[in-house]
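What follows is a short report on a single structure.
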Protein chains: 2
Amino acid sequence: MSREDLAPGPETATETTDADRFTNARAIRSTALFEDYTELIADLTEEFGEARITDIARRLGVTHPTANKAVLRLKREGLAISRPYRGVFLTEAGAAMAREVKARHRLVVRLLIAVGVPPEAAEMDAEGIEHYVSETTLKAFEAYLDGRG
Amino acid sequence: MSREDLAPGPETATETTDADRFTNARAIRSTALFEDYTELIADLTEEFGEARITDIARRLGVTHPTANKAVLRLKREGLAISRPYRGVFLTEAGAAMAREVKARHRLVVRLLIAVGVPPEAAEMDAEGIEHYVSETTLKAFEAYLDGRG
DNA sequence: ACAGAAATGTAGCCGATGCTATATTTCAAA
DNA sequence: TTTGAAATATAGCATCGGCTACATTTCTGT
């Protein structure tokens with residue numbers, strides 16, 4: 001006996017299922033770390049002219065071996081480049097991701113503040129929320145902030 | 001030479017640092033899965049009187065060994081109980097988590113829709129966002145939805 | 001009652017993401 | 001210039017969360 005026989009549930013035909021949503025969330029979870037790293041490397045490069053492993057690690061609150069391993073993955077994915085014992089730099093793809101993430105971050109913070117969230121909490125929560133905001137939702141946020149919401 | 005010497009940055013004294021935010025986000029990431037499972041087990045129990053591994057797996061879009069392992073972790077954490085080859089049930093702690101998560105989920109979806117996000121996108125994005133919404137932000141959402149925003 | 005189907009459990013693999021401990025290299029100051 | 005400190009790299013460990021393959025148990029229909 002399958003449960004669908006007993007209770008088809010609200011979803012029919014082409015609707016989005018629970019599984020779709022969870023699968024989507026899992027996919028995002030796996031890219032969130034890359035987004036954090038590219039954004040941070042962009043920040044550090046702007047501030048200091050380069051992003052050093054030690055600084056990356058300190059800003060993220062992890063040990064440097066952890067940061068180093070993550071940078072290896074970034075390089076493998078074509079998002080960053082670096083030479084041994086030297087700073088890390090973003091590729092064009094990495095820089096593009098960083099710009100995109102930063103824009104999303106700012107928009108999420110602005111929206112949270114606009115609906116009454118204290119700035120400190122908005123910054124804190126945005127750090128996690130930003131990764132899950134879709135293009136559609138982003139557009140809606142923009143419209144809302146432009147007073148058309 | 002440490003970078004703090006060159007650029008103290010905006011944070012001083014008791015302010016929240018980047019590292020604090022990222023550490024917070026990582027902590028949440030590690031509980032997000034438990035929240036998904038407890039919420040789902042609560043739903044299935046209400047619908048069918050029990051939550052079976054196969055149904056949990058299908059709803060989450062994972063294989064049953066994956067669901068089984070997660071349930072083992074839930075049991076280890078005191079959030080669920082089960083006997084071999086039988087359905088899974090929440091402990092009081094698990095049920096409390098489920099109630100809390102469900103309330104948060106509904107509130108996030110309502111807020112997203114209120115600021116103009118299409119319901120379908122709101123449901124999709126809420127699945128990830130809900131885990132990162134703090135108590136403070138939740139209160140702000142409530143106030144906003146009550147027209148006091 | 002029993003055979004086959006369905007559900008559940010277990011073993012073992014993999015990659016991601018954290019850690020500590022230990023090289024190695026670079027940098028800075030005497 | 002050289003030497004000690006700082007930064008970086010690497011090795012090895014653990015857990016999580018996904019998978020496939022296979023064993024076991026329960027359920028169901030004849």
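Note that the structure is predicted; figures quoted are calculated from it, not measured. Reminder, nothing fancy here: chain letters follow the sequence lines and each chain counts from 1.
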Any base atoms under 4.0 Å from A:Thr63, or only sugar-phosphate, or nothing? Heavy atoms, all strands. base
Start at the 5' end of DNA chain C and walk down; is the nucleotide closest to A:Leu33 or to A:His64 reached first? A:Leu33
Nearest-angstrom distance from the residue atom CG of A:Asn68 to P of C:dG18: 13 Å
When you measure from the side chain of B:Thr66 to the backbone of B:Val62, do you find a donor-acceptor pair of N or O atoms at a distance under 3.5 Å? no
Is the shortest side-chain N to carboxylate O distance from B:Asp43 to B:Arg59 below 4.0 Å? no
In whole angstrom, what separates A:Ile28's CD1 from D:dG17's P? 17 Å
Candidate list B:Leu90, B:Leu60, B:Leu79, B:Val88, test side-chain contact (heavy atoms from CB on, under 4.5 Å), partner B:Tyr37, passing option: B:Leu60
Pick base, sugar-phosphate or nothing for B:Thr66, based on heavy-atom distances below 4.0 Å to the nucleic acid. base
Within this structure, what is the CZ-to-P distance between B:Phe48 and C:dA7, rounded to whole angstrom? 12 Å
Rounding to an integer number of Å, can you tell me how far B:Asp36 CG sits from D:dG17 P? 10 Å
For atom CZ of A:Arg52 and atom P of D:dA5, their distance in whole Å: 18 Å
Out of D:dA9, C:dT17, D:dT26, which has the shortest distance to the side chain of B:Arg86? D:dT26
Please report, rounded to the nearest Å, how far the C1' atom of C:dT8 is from the NZ atom of B:Lys69. 15 Å
Tell me whether B:Val109 shares a hydrophobic cluster with B:Leu40, the cluster being built from Ile, Leu, Val, Met, Phe, Trp, Tyr side chains joined at under 4.5 Å. no
Looking at every strand, decide which applies to B:Pro65 at a 4.0 Å heavy-atom threshold: base, sugar-phosphate, or nothing. base
Starting at the 5' end of DNA chain C, which residue's closest nucleotide do you reach first, A:Ala70 or A:Pro84? A:Ala70
Categorize A:Arg73 for me: base, sugar-phosphate, or nothing, with a 4.0 angstrom heavy-atom threshold over every strand shown. base
Near B:Lys139 NZ, under 6.0 Å, is it more than 12 heavy atoms from other residues, nucleotides or ligands? no
What integer distance in Å separates A:Arg26:CZ from C:dA16:P? 16 Å
Taking only the side-chain heavy atoms of B:Arg76 (C-beta and beyond), determine which of C:dT8, C:dT10, D:dC16 contains the nearest atom. D:dC16
Between C:dA21, D:dT25, D:dT8, which nucleotide has the shortest distance from any of its atoms to the side chain of B:Tyr85? D:dT25
Nearest-nucleotide 5' precedence on DNA chain D, A:Arg83 against B:Arg29: A:Arg83
Would you say D:dT8 has OP1 or OP2 under 4.0 Å from some side-chain N or O of A:Thr54? yes
Just the rounded figure in Å: distance from P of D:dT10 to CD1 of A:Ile53. 11 Å
